[in-house]
Amino acid sequence: MENNWSNKSDLLKSKSKNFIYEIIDEDMKTKKWNGRVYTRFPPEPNGYLHIGHAKSICLNYGIARDYNGKFNLRFDDTNPTKEDQEYVNSIIEDVKWLGGDFEDRVFYASDYFEQMFQWAEKLIKKGKAYVDDSDPETMRGLRGTINEAGKESPHRNRSVEENLDLFNRMKNGEFKNGEKVLRAKIDMASPNMLLRDPVMYRIIHSEHHRTGNKWCIYPTYDWAHGLEDSIEGITHSICTLEFEVHRPLYDWFLKELEIYHPQQIEFARLNLTYTVMSKRKLLELVEQKFVDGWDDPRMPTISGYRRRGYTPEAIQNFAEIIGVAKRDAMTDVALLEFSIREELNKKAQRVMAVLDPLKVVITNYNGEEVLEAVNNPEDSSMGHREINFSREIYIEKNDFMENPVKGFHRLVPGGEVRLRYAYIIKCDEVIKNDKGEIVQLNCSYDSDTRSGTGTSTKKVKGTIHWVNVKDAINCEVRLYDRLFTAEDPSGEKEKDFKDLINKDSLKIISDAKLEPFVKKFKPGEKFQFERLGYFCIDTKYTTNEKLVFNRTVTLKDTWAKTVNKNRI
RNA sequence: UGUCCCGUGGUGUAAUUGGCAACACGUCUGACUCUGGAUCAGAAGAGUUCAGGUUCGACCCCUGACGGGACAACCA
């Protein structure tokens, strides 16, 4: 996929910047980092990336690009029980696809384990860290609460020698999981809970996806994260709001260690209406089969959006228009849908497909002819294609109404409508089966009205799409709707988010009709089905025998809107 | 002994750092149209959570309320 990041030099000059750019501008002015800008994206490989991560990637990579700095991809792989190589691979793929260019700089926290161990020993030697034998429950009891100070562990005042010895024996595997931890010696009475002697190392006898069985003690996030940024020379450690309270702890570690000290800046994570955004919840959806894997097109994962037909550019643009700030927000999915519509409108090949076919026989037409159709009215360079027209065609069932409502201007008994790129037809007869269902329309065409000839002055209210029966190809079309019925599925007090899943979020149409032109395209390619929406060929279920389409997003539909309004 | 963040149209952001609130999405009109799409033109919609204070002047600075969020994993 092409990487089309727009250059933002204009933006840099303009006065409207988000607060992070303003901080960096100031840093550049004061030469705080000697003109250096270095950012990173630091995911834990314990799940697939979602659209919230995309916001972070765009922000971090965008900053590096705009200030001629560097951008690292770094895996925060400090907990072997939750992490997996599959996730590492998917994350690399997704970041690249999105356009986050880390060049050859893929790093791993696990590469820094030795250095971190030495720094831990340094803190022990300074009397700033100690080995604690307390079990988790005891530790929790001693930590106090938000309103009362904690109490010191009985092991808090062990000698440096004993701590060093114990810590090394922890490393050497002499103890079982949970038997001992290394703690920073800060302040059990701090009003900031994170400063009440946080755990730095815990014992986990598990195989790590990269270091294997080399280690059985693993650094906690709070101990490790600031060190990783320090080691890589990151200038601006950009993270989400919930880590604001952690900052004093990172500052403490870096200061005690007397090592390079990046600046942490927090911003508000992305929340999207009608979606859940936590990896834990997404994992639940996958494991409990509410969806068909991490890349199910209904998932807010990057791989889900990719499969659904979103482009990197649309997601980048979305990240751009939602901005970056410090207040919690709930972004309307309409903004995301706007981004993909805007792009696909300019780029997508137009094609005609009928999802719910109704046969039309044009009784006064005999023979066959070839008509010319525009591939994209927004881009004449995409040219034309040929489509066959003959006596029998399919139209959309809902483009005909036997008893039309007010404002309906498609086909009605005795009425006329234009067939796109073809003729104006008139409905002469409605044919029904025993059950009274409409099974066929007999129509007549007006030979003077062929598209492009200009031989007719006849005006009709509507134009509908159609597919030629004789050479139509069958395909499967998957229509997606929002995965949740609630605007904020995670915010519902009474209900579990899984009870708010939209049961109609996937509708499979197994026998849609499509013009044969599409045959030559490959999985992943994108189209507009005229009057219906944007669709792409599914990369997972398409076979040589069967084309499967995913609906990326519908077209804006003002008619559907007025219909819905009148219903209410 | 609680601490720390944050409050601007329906939504997301902006306001040249103190000069009577702008942009995008959405909504609603109308024009145009062989996609009820796109495009074009226009409209409605906030007086900036509230109350004081400083100032000639406050979204912006100060104080205090109120509201929202984060923090008490050997998760990240």
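This one's a predicted model, so the numbers in the text were calculated from it and none came from an experiment.
Note: Phe389(A) and Trp466(A) have perpendicular aromatic rings, judged against thresholds of 30 and 60 degrees for the angle between ring planes. Between Tyr108(A) and Phe75(A), the two ring planes are parallel [angle under 30°; tilted spans 30° to 60°]. In this structure, His246(A) and Tyr250(A) have tilted ring planes: the angle between them lies in the 30° to 60° band. Between Trp215(A) and Phe117(A), the two ring planes are tilted [angle within 30° to 60°].
For the pair Thr78(A) and rA76(B), the criterion of a side-chain N or O lying under 4.0 Å from OP1 or OP2 is met. Contact check, Lys565(A) against rC28(B): a side-chain N or O comes under 4.0 Å of OP1 or OP2. Contact check, Arg247(A) against rC4(B): no side-chain N or O comes under 4.0 Å of OP1 or OP2. Taking side-chain N and O atoms only, Thr562(A) has no distance below 4.0 Å to OP1 or OP2 of rG36(B).
Residue side chain Arg327(A) does not reach the base of rU13(B) through any donor-acceptor N/O pair under 3.5 Å, judged by distance alone. Judged by distance alone with a 3.5 Å cut-off, no donor-acceptor contact links the side chain of Glu244(A) to the base of rG69(B). Contact of Gln528(A) with rU35(B) (side chain to base): a donor-acceptor pair of N or O atoms is detected under 3.5 Å.
Arg269(A) comes within contact range of no nucleotide atom at all, as no heavy-atom separation falls under 4.0 Å. In this structure, Gly407(A) reaches the bases: a heavy-atom distance under 4.0 Å links it to at least one base atom across the strands shown. Within 4.0 Å (heavy atoms only), Arg410(A) reaches at least one base atom of the nucleic acid. When heavy atoms are screened at a 4.0 angstrom cut-off, Asp135(A) is found touching base atoms of the nucleic acid. Residue Val324(A) is classed as a sugar-phosphate contact, given heavy-atom separations below 4.0 Å to backbone atoms only. At a threshold of 4.0 angstrom between heavy atoms, the contacts of Thr145(A) include nucleobase atoms, whether or not backbone atoms are also involved. Using a 4.0 Å heavy-atom cutoff across all strands shown, Pro377(A) reaches at least one base atom of the nucleic acid. Within the nucleic acid shown, Met352(A) has no heavy atom closer than 4.0 Å to any nucleic acid atom. Among the atoms of the strands shown, only primed sugar atoms or phosphate atoms (P, OP1, OP2) are found under 4.0 Å from some heavy atom of Ala329(A). The residue Phe408(A) sits close to a base: some heavy atom pair falls under 4.0 Å. Nucleic acid contact class of His246(A) (heavy atoms, under 4.0 Å, all strands): base. Val199(A) comes within 4.0 angstrom of sugar-phosphate atoms only, judged by non-hydrogen atoms across all strands, and of no base. Across all strands, Thr138(A) comes closer than 4.0 Å to no nucleic acid atom at all (heavy-atom distances). If you check every strand for non-hydrogen atoms under 4.0 Å, Tyr201(A) touches nothing.
Listed nucleotides: rA73(B), rG12(B), rA76(B). Nearest to the side chain of Leu335(A): rG12(B). Among the nucleotides rC28(B), rG37(B), rG12(B), the one closest to the side chain of Asn345(A) is rG37(B). For Pro191(A), counting side-chain heavy atoms from C-beta on, the closest listed nucleotide (rC71(B), rU3(B), rC75(B)) is rU3(B). For Arg420(A), the listed nucleotide lying nearest its side chain is rU35(B); candidates were rU35(B), rA14(B), rC71(B). Side-chain proximity of Ile146(A) to the nucleotides rU11(B), rG37(B), rG2(B) is greatest for rG2(B). Closest contact between the side chain of Arg143(A) and the listed nucleotides rG12(B), rC71(B), rC74(B) involves rC74(B). Here the nucleotide nearest the side chain of Thr558(A), chosen from rG36(B), rA76(B), rU35(B), is rG36(B). Closest to the side chain of Phe338(A), from the set rG26(B), rA76(B), rU35(B), is rG26(B). The side chain of Glu44(A) lies closest to rA76(B), out of rA76(B), rC6(B), rC74(B). Candidate nucleotides rC75(B), rA38(B), rA14(B) were compared by shortest atom distance to the side chain of Ala325(A), and rA14(B) ranks first.
We find that CZ of Phe19(A) is positioned 15 Å from P of rU8(B), with the value rounded to whole Å. If you take CG of Asn271(A) and P of rA70(B), they are 10 Å apart, rounded to a whole angstrom. The CD atom of Glu337(A) sits 18 Å away from the P atom of rU11(B) (whole-angstrom rounding). The distance between atom CD1 of Ile322(A) and atom C1' of rC23(B), rounded to the nearest whole Å, is 16 Å. Rounded to an integer number of Å, the gap from Tyr218(A) OH to rA73(B) P is 23 Å. rA70(B) atom P lies 16 Å from atom CG of Asn192(A), rounded to whole Å. The interatomic distance linking Leu371(A) (CG) with rU35(B) (C1') rounds to 16 Å, in whole Å. Remark: C1' of rC40(B) and NZ of Lys556(A) are 13 Å apart, rounded to the nearest angstrom.
Note that Arg482(A) lies in the cation-pi zone of Tyr274(A), set by a 6.0 Å cut-off to the ring centre and a 45° limit from the axis.
A salt bridge does not link Arg40(A) with Glu232(A): every distance from a Lys NZ or Arg NE/NH1/NH2 to an Asp or Glu carboxylate oxygen is 4.0 Å or more.
Across the P atoms, rU17(B) and rU3(B) are found 35 Å apart, a figure rounded to whole Å. To the nearest whole angstrom, the two P atoms, one in rU13(B) and one in rU54(B), are 34 Å apart. If you take atom P in rA44(B) and the same atom in rU49(B), they sit 23 Å apart, rounded to whole Å.
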Once Watson-Crick and G-U wobble pairs under 3.5 Å are found, how is RNA chain B written in dot-bracket notation, 5' to 3', with | for any base paired to another strand? .((((((..((((.....[..)))).(((((.......))))).....(((((..]....))))))))))).....
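The CZ atom of Arg410(A) sits 9.0 Å away from atom CE of Met401(A), with the distance rounded to the nearest 0.5 Å.
With RNA chain B read from its 5' end, the first of the two nearest nucleotides for Met193(A) and Glu148(A) is the one closest to Glu148(A). Of the two residues contacting RNA chain B, namely Tyr221(A) and Gly452(A), the nearest-nucleotide position lying further toward the 5' end is that of Gly452(A).
Residues Leu282(A) and Tyr48(A) fail the side-chain proximity criterion, which asks for heavy atoms closer than 4.5 Å. Between Pro198(A) and Arg183(A) the shortest side-chain heavy-atom distance does not fall below 4.5 Å.
Ring-base stacking between His409(A) and rG36(B) is satisfied, the centre separation being under 5.5 Å and the plane angle under 30°.
The ring of Tyr365(A) has its center closer than 6.0 angstrom to the ring center of Tyr445(A).
The side chain to side chain donor-acceptor pair (under 3.5 Å) with Thr311(A) is formed by just one residue from the set Lys526(A), Glu343(A), Gln316(A); it is Glu343(A).
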